[in-house]
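For reference, the structure discussed in these notes is given below.
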Amino acid sequence: MTTKELNNLIKLLQNGDMAVFDIVYHETKSVVYYAILNILKDKSLSEDIMQDTYLKALEKIQTFKPRYSFKSWIVMIARNLAINEYNRRKRELSFDPNQDEYIFGSSESTSEKELIVKQMIEYLKDDEREIVLLHVVGDLKHREIAEIVNKPLGTVTWIYNQAIKKLKNEYGE
C-alpha cells in the first residue's frame with residue numbers, strides 16, 4: 001500500500017470511519033512492533049506497548065497531518081512510548097526470535113523474509129537493526145527514518161549500507 005493510499009484511509013479514520021482501522025493496523029503492525037521490540041527486547045511487553053501505541057494514535061488521530069507519512073508518525077509514537085517504558089524499567093530484557101510467533105509465525109515457517117529478519121535480529125547491532133527494519137519491513141524512506149531516530153540522513157544511509165554489506169558478507173546474496 002502506498003503512502004498516499006494509507007493517508008487516504010487515515011482521512012477516513014479522522015472522519016470517524018472505524019471500519020478502516022483493521023486495514024491501517026495490518027499495514028503498520030510490523031514496523032510498529034519492530035520499533036518497540038528493538039528498544040524493549042521483550043515480546044510480551046512490546047505487544048502491550050503496541051496496543052498503547054494504537055490507542056494513543058486513535059486518540060490523537062486528528063493531529064496527524066497528511067503531508068507526513070502515517071508510518072513515520074505512528075512509529076514515532078511507538079518509539080516514544082517504548083523509550084518511556086524502558087526508562088521506567090531500567091533493566092535489560094531478553095528476546096528470543098524463535099519464540100516470537102506473533103510476527104514470524106510458527107518456528108517451522110520457511111518464508112525467506114522471516115528467515116532474513118530472524119538472522120538480522122541476531123546478527124546486527126541495535127542501531128543497524130532498527131534502521132534496516134524500519135526501511136525493509138516498515139518501507140520507510142531514509143529521510144523519514146532519520147527523523148525517527150534523530151540522526152542525520154547521511155548517517156542513517158551509511159548505517160543502512162554498512163548493515164546490508166555486513167549481512168551480505170555473513171549470509172551471502
Side-chain angles (χ1 to χ4, degrees), residues 1-7 9-10 23-47 49-50 53-54 57 67-83 85-86 92-173:
M1 179 174 289
T2 67
T3 299
K4 186 177 180 178
E5 291 169 333
L6 187 57
N7 285 350
L9 291 177
I10 300 309
I23 300 168
V24 171
Y25 175 80
H26 179 73
E27 287 295 319
T28 59
K29 70 180 180 180
S30 293
V31 69
V32 169
Y33 180 76
Y34 286 126
I36 296 167
L37 186 63
N38 192 53
I39 294 166
L40 298 178
K41 307 204 182 349
D42 178 89
K43 176 189 172 206
S44 178
L45 183 57
S46 295
E47 289 171 356
I49 298 300
M50 188 171 166
T53 299
Y54 283 97
R67 67 178 180 260
Y68 301 112
S69 159
F70 180 76
K71 283 184 182 179
S72 296
W73 185 77
I74 198 162
V75 164
M76 189 67 79
I77 292 171
R79 287 185 83 246
N80 289 339
L81 290 174
I83 290 168
E85 184 64 27
Y86 178 83
E92 188 66 27
L93 303 171
S94 65
F95 166 66
D96 181 2
N98 294 325
Q99 294 178 3
D100 192 354
E101 294 184 14
Y102 177 70
I103 295 295
F104 299 126
S106 68
S107 57
E108 296 86 38
S109 177
T110 56
S111 164
E112 185 178 336
K113 189 173 183 178
E114 291 171 357
L115 292 173
I116 290 170
V117 171
K118 284 181 181 180
Q119 290 172 343
M120 281 184 355
I121 286 173
E122 295 169 356
Y123 187 69
L124 295 177
K125 293 184 223 170
D126 286 345
D127 60 337
E128 294 170 334
R129 181 183 318 121
E130 181 176 28
I131 289 169
V132 170
L133 287 173
L134 289 172
H135 184 68
V136 174
V137 177
D139 199 31
L140 296 176
K141 293 178 173 56
H142 289 250
R143 176 183 40 76
E144 295 169 321
I145 296 168
E147 290 176 24
I148 290 169
V149 299
N150 199 27
K151 292 183 191 263
L153 176 60
T155 301
V156 167
T157 304
W158 185 83
I159 290 171
Y160 176 80
N161 289 329
Q162 290 300 109
I164 296 301
K165 284 179 190 174
K166 190 175 179 181
L167 288 172
K168 282 182 181 177
N169 288 338
E170 183 67 19
Y171 300 106
E173 298 283 329

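Residue numbers start at 1 and run along the sequence shown.
- Inter-residue side-chain proximity for Val31 and Leu133 is flagged as unmet; no heavy-atom pair is nearer than 4.5 Å.
- When the salt bridge (Lys or Arg N to Asp or Glu O under 4.0 Å) test is applied to Glu128, the partners found at least two apart in sequence or on another chain are Lys166.
- Here the side chains of Tyr160 and Val136 are in contact, with some heavy-atom distance below 4.5 Å.
- Heavy-atom minimum distance, Lys151 versus Val156: CB-CG2, 4.0 Å.
- Rounding to the nearest 0.5 Å places OH of Tyr25 at 3.5 Å from CE of Met50.
- Residues Glu85 and Ile36 fail the side-chain proximity criterion, which asks for heavy atoms closer than 4.5 Å.
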Passes side-chain contact (heavy atoms from CB on, under 4.5 Å), Lys43 versus Tyr33? Steps please.
CA-CA 9 Å; Lys43 176 189 172 206; Tyr33 180 76; 3.3 Å; yes
Walk me through whether Leu167 and Leu124 qualify under side-chain contact (heavy atoms from CB on, under 4.5 Å).
CA-CA 8 Å; Leu167 288 172; Leu124 295 177; 4.0 Å; yes
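- Smallest separation of non-hydrogen atoms from Lys71 and Leu140: CB-CD2, 3.3 Å.
- Counting all heavy atoms, side chain and backbone alike, Ala35 lies closest to Leu134 at CB-CD2, 4.4 Å.
- The nearest pair of heavy atoms linking Ala146 to Pro152 is CB-C, 4.2 Å.
- Here the shortest heavy-atom pairing between Tyr86 and Ile39 reads CD1-O, 3.9 Å.
- To the nearest 0.5 Å, atom CD1 of residue Ile74 and atom NZ of residue Lys29 are 13.0 Å apart.
- Summarising the local packing, CG of Asn150 is surrounded by 12 or fewer heavy atoms from other residues, nucleotides or ligands at distances under 6.0 Å.
- In this structure, Tyr54 and Val32 have side chains that are in contact, with non-hydrogen atoms separated by less than 4.5 Å.
- Taking both residues in full, the closest heavy atoms of Leu40 and Ser46 are given as CB-OG, 4.0 Å, listed atom of the first, atom of the second, then distance.
- The CD1 atom of Ile131 sits 8.5 Å away from the OG1 atom of Thr155 when rounded to the nearest 0.5 Å.
- Rounded to the nearest 0.5 Å, atoms CG (Asn80) and CD1 (Ile49) are 11.5 Å apart.
- Considering only heavy atoms from C-beta on, Glu130 comes within 4.5 Å of Arg79 through its side chain.
- Summarising the geometry, atom NZ belonging to Lys4 is positioned 13.5 Å from atom CG belonging to Leu6; distances are rounded to the nearest 0.5 Å.
- From Ile145, atom CD1 reaches atom OG of Ser69 across 10.0 Å, with rounding to the nearest 0.5 Å.
- His142 and His135 have tilted rings, their planes meeting at an angle from 30° to 60° on a 0 to 90° scale.
- Between Phe70 and Val24 the shortest side-chain heavy-atom distance falls below 4.5 Å.
- Listed for the Asn38 side chain is no donor-acceptor partner under 3.5 Å among the backbone atoms of Tyr34.
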